[in-house]
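Inspection log for the structure reproduced underneath, given as structure tokens.
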Amino acid sequence: MDIFAVTGGARLVGDATVTGAKNSALKLMAAGLLAEGTSTIHAVPDIADVTIMGEVLRRLGCAVESESGSIRIGVPHHLATETDYDLVHRMRAAICVLGPLLARCGRATVPLPGGDNIGSRGLDLHIAGLIRLGAEIRNEHGFLIATADALVGATVWLDFPSVGATENLLMAGVLAKGTTVIDNAAREPEIVDLVSMLVAMGAKIDGAGTSTLEIVGVDGLQPVEHTTVPDRIVAGTLAYGAVMTGGDVHIRNGRTHHLDVPLSKLSDAGADVTSTDGGFRIVMEGRPKAVDIVTLPYPGFPTDLQPMAVGLAAVSKGSSMITENVFEARFMFVNELARLGADVQVDGHHVVVRGRERLSSAPVEAHDIRAGAGLVLAGLVADGATVVSGGHHIVRGYPDLAGQLRALGAAVTLTTTPNP
Ligand code: UD1
């Protein structure tokens, strides 16, 4: 059991450094499966999800070693092709081995992840895309069983620019015969990072960062060394915390061009955002002004920062409307925020927030990674001591959030007790 204890009142002041992105590192690890030999990935965050992904790869027959933020993945000639439910159940992102296993071995068996705490999260786009590339996919006993004698390039139109579907199709398309085009592809910086690793492995891909990816299949790929893109969601979380607390934080390794909309919203709220040599600095004086926010696929406002946006709105001057367009159940945490005294009203996929000067501490529970981080930030602007349980969600995505906030002057501790 992981519990974050937060005593509110401090301004966040100082320097914080952001490491590699969780949402990239997990997929880069899966991409390693595409080439026999040893690939090394640097700037991998020290988080629970990376440990789970390491276990996924081990059970497929890889040797996985990690040392000082780098992970070495030794990929054998023959891989096992089945991923276990216990791992996918703990981390849905493990389904990103589907594309590479199918491409390399002609077969992949992955459990259906089921629903989770932010919505139903289907796999229909992954499945339809892989079928377009010639795979046969059936659903048996809770597992997807995908087979293909040979994948053949095709044009795939995604009804929604799904990050996971784009990644699985990319990793399948690189070894398919002929040309694969992914239309309405996701454009997230983590997709660009994956493409750059695949290209370094010998893949032929055009259009990274645009809505159309064109992949010309090759016969084989080579192992590589690759450094993970910095985590824009961790950087954004710290930036929102700085503004909520009227702080002054230099975020080293933060990339402003990956956070255009979230940072422009902070400027609208009254913050001063400046690029620096190694990142950016964010300074806030006085109470933030209310701003409206709408989540959208990249380059829109990231759904992963939506809880931080609601937290900011909860202590802003005026009323804000926050609209969630990516995950249907992502406002569940708003009830926890209400326990901290936030004036919040959910109406479908909108939440109307009337800002208050301060929140009021209480025990609350995190149900997912980002909601958990949002509740910790809310605790920073509550009077007294807030206890956030369900901290195991937070540590899945944030390397040492408590230590990072403490270094910025906040009173935050993480206590881990073994389950009885
Ligand atoms: C990834 C990120 C997650 C982020 C999300 C959106 C990882 C590990 N997770 O999740 O942090 O919030 O992108 O930026 O990288 N959908 C379908 N059918 C599909 C696939 C998706 O309906 O086959 C729907 C989902 O239910 C959701 C929306 O599309 O409503 C977006 O999902 P997607 O972009 O695929 O997110 P993930 O890759 O799961």
Side-chain angles (χ1 to χ4, degrees), residues 20-31 44-45 47-50 52-53 56 87-88 90-99 110 112-132 137 139 144 146 156-172 182 184-194 211 228-229 231-234 236-237 258-259 261-262 294-309 323-331 333 349 368-374 393-394 396-398:
K22 165 182 97 74
N23 286 356
S24 211
L26 301 174
K27 324 307 170 56
L28 300 175
M29 291 171 75
V44 174
I47 50 173
D49 274 13
V50 165
I52 298 173
M53 195 65 194
V56 169
L87 297 175
V88 174
R90 282 163 67 198
M91 186 191 70
R92 177 191 152 93
I95 53 156
C96 68
V97 299
L98 179 60
V110 296
L112 284 160
D116 64 18
N117 289 327
I118 59 175
S120 67
R121 306 185 84 177
L123 285 182
D124 51 317
L125 302 173
H126 302 238
I127 295 168
L130 292 171
I131 288 175
R132 291 275 304 156
I137 302 187
N139 173 351
L144 281 182
V156 179
W157 162 265
L158 295 177
D159 289 339
F160 185 89
S162 153
V163 171
T166 302
E167 290 163 341
N168 257 327
L169 291 170
L170 260 172
M171 291 190 274
I182 310 174
N184 199 26
R187 293 185 276 165
E188 271 70 1
E190 295 76 26
I191 301 276
V192 177
D193 198 25
L194 174 61
S211 301
T228 316
V229 69
D231 198 316
R232 65 194 163 100
I233 304 301
V234 172
T237 301
H258 289 166
L259 284 164
V261 179
V294 177
T295 70
L296 281 172
Y298 191 83
F301 191 96
T303 174
D304 285 354
L305 287 177
Q306 179 257 98
M308 298 60 175
T323 303
E324 172 58 54
N325 287 317
V326 181
F327 286 111
E328 63 198 22
R330 215 162 197 178
F331 280 144
F333 87 101
H349 66 128
D368 76 79
I369 304 175
R370 309 302 174 187
H393 290 294
I394 303 174
R396 282 185 48 201
Y398 288 84

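Keep in mind that what you see is a predicted model, and the values were worked out from it rather than measured. Both counts, for ligands and for their atoms, begin at 1 and track the order of listing.
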Check for me whether [X] has a heavy atom closer than 4.0 Å to any atom of ligand 1.
{"X": "Glu167", "result": "no"}
{"X": "Lys27", "result": "yes"}
{"X": "Arg396", "result": "no"}

Response to the item:
Heavy-atom nearest pair, Leu158 first then Ile182, reads CD1-CG2, 3.9 Å

Discussion item. Quick check: closest heavy atoms across Met53 and Ala30, and the distance to 0.1 Å?
Written reply: CE-CB, 3.8 Å

Interfacing atoms of ligand 1 (cut-off 4.0 Å, heavy-atom, [X]):
{"X": "Thr303", "result": "6 (C), 12 (O)"}
{"X": "Val326", "result": "27 (C), 28 (C), 30 (O), 31 (C)"}
{"X": "Ala93", "result": "8 (C)"}
{"X": "Arg92", "result": "39 (O)"}
{"X": "Arg330", "result": "12 (O)"}
{"X": "Gly164", "result": "35 (O), 38 (O)"}

Worksheet item: Taking N or O atoms only and a 3.5 Å limit, does Asp124 qualify as a polar contact for ligand 1?
Response: yes

Worksheet item: Polar-atom distance check: Ala165 versus ligand 1, any N or O pair below 3.5 Å?
Response: no

Look at the side chain of [X] and the backbone N and O of [Y], then say whether any donor-acceptor pair between them is shorter than 3.5 Å.
{"X": "Asp193", "Y": "Val229", "value": "yes"}
{"X": "Thr166", "Y": "Ala186", "value": "yes"}
{"X": "Asn168", "Y": "Leu130", "value": "no"}

Atom [atom1] in [X], atom [atom2] in [Y]: separation rounded to 0.5 Å?
{"X": "Phe331", "Y": "Thr323", "atom1": "CZ", "atom2": "OG1", "answer": "6.5 Å"}
{"X": "Ile131", "Y": "Asp124", "atom1": "CD1", "atom2": "CG", "answer": "10.5 Å"}
{"X": "Glu188", "Y": "Asp304", "atom1": "CD", "atom2": "CG", "answer": "9.0 Å"}

Worksheet entry | Lys/Arg N to Asp/Glu carboxylate O, Arg330 vs Glu324, below 4.0 Å | no

Practice prompt. May I ask which of Phe160, Tyr298, Phe327 has a heavy atom nearer to atom 27 (C) of ligand 1 than the others do?
Written response: Phe327

Worksheet item: Is Leu123 touching ligand 1 with its side chain, its backbone, both, or neither, if touching means heavy atoms under 4.0 Å apart?
Response: backbone

